[in-house]
Amino acid sequence: QVQLVESGGGLVQAGGSLRLSCAASGNIFSINTMGWYRQAPGTERELVATITSDGTTNSADSVKGRFTISRDNAKNTVYLQMNSLKPEDTAVYYCNAILALKYAGSWFRYWGQGTQVTVSS
């Protein structure tokens with residue numbers, strides 16, 4: 001019913017940039033907070049950045065100054081601009097959204113399928 005589809009991942013060299021996109025589609029009434037998480041091999045999933053419906057952002061200390069999260073509410077899309085990439089940024093990046101479905105009275109958290117980001121040294 002609801003899909004979060006990420007795109008933009010790939011292989012880049014250290015110091016390079018990537019721009020991730022996540023488009024939400026389906027029976028959506030409203031989207032509250034959207035965010036990006038990542039999970040490297042052998043580690044737990046961690047928060048990268050979030051953005052509220054009003055545009056308030058929060059990001060992990062490890063990516064501040066390098067990553068920028070943004071959203072286009074008209075397109076139900078969230079972006080993650082990643083600059084100055086480091087090998088330690090290598091992970092599967094997952095899109096997340098807290099949204100309300102049509103004809104439902106509660107908020108639900110949805111996850112995308114993930115997109116691989118690999119940064120070579």
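In this chain, residues are counted from 1 in sequence order.
- Residues that satisfy the side-chain hydrogen bond (donor to acceptor under 3.5 Å, both in side chains) test with D89, not counting sequence neighbours, are R38, R66.
- Under the 4.5 Å side-chain heavy-atom criterion for grouping Ile, Leu, Val, Met, Phe, Trp and Tyr, V12 is connected to F67 within one hydrophobic cluster.
- Between N76 and M34, the shortest heavy-atom contact is O-CE, 4.2 Å.
- Between V63 and V48, the closest heavy-atom pair is CG2-O, 3.7 Å.
- Other residues, nucleotides and ligands place no more than 12 heavy atoms under 6.0 Å from the CD atom of Q3.
- With no hydrogens or angles considered, no side-chain donor-acceptor pair links T77 and D72 at under 3.5 Å.
- By the neighbour-count criterion of 12 heavy atoms within 6.0 Å, atom NZ of K64 is densely surrounded, having more than that number from other residues, nucleotides or ligands.
- Annotation: cation-pi geometry satisfied between R45 and Y94 (NZ/CZ under 6.0 angstrom from ring centroid, within 45° of ring axis).
- One hydrophobic cluster holds both Y110 and I28 under the rule that ILVMFWY side chains link at heavy-atom gaps under 4.5 Å.
- Remark: Q1 CD to K102 NZ distance equals 10.0 Å, nearest 0.5 Å.
- When all heavy atoms of A49 and L80 are compared, the pair lying nearest together is CB-CD1, 4.5 Å.
- Residues S53 and R71 form a side-chain contact, since some pair of their non-hydrogen atoms from C-beta on lies under 4.5 Å apart.
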### Message
If you apply the rule side-chain contact (heavy atoms from CB on, under 4.5 Å), what do you find for L99 with N32, and how did you get there?
### Response
CA-CA 6 Å; L99 55 82; N32 194 327; over 6 Å; no
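- When only modelled atom types and interatomic distance are considered, T90 and E88 share no side-chain donor-acceptor pair under 3.5 Å.
- Nearest heavy-atom pair across Q39 and T43 is NE2-O, 3.0 Å.
- To the nearest 0.5 Å, atom CD of residue E46 and atom CH2 of residue W36 are 14.5 Å apart.
- Looking at every heavy atom in both residues, L47 comes nearest to A60 through O-CB, 3.6 Å.
- Note on V119 and Y93: same hydrophobic cluster, where clusters join Ile, Leu, Val, Met, Phe, Trp and Tyr whose side-chain heavy atoms are under 4.5 Å apart, directly or indirectly.
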### Task
For the pair W111 and Y37, evaluate ring-ring contact (aromatic ring centres under 6.0 Å, His included) and give the outcome as yes or no after the intermediate values.
CA-CA 10 Å; W111 294 91; Y37 295 71; 4.9 Å; yes
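- One distance of note links OG of S120 with CD of Q13; it measures 5.0 Å at 0.5 Å rounding.
- Nearest heavy atom pair, residue S21 against residue Y79, reads OG-CD2, 3.3 Å.
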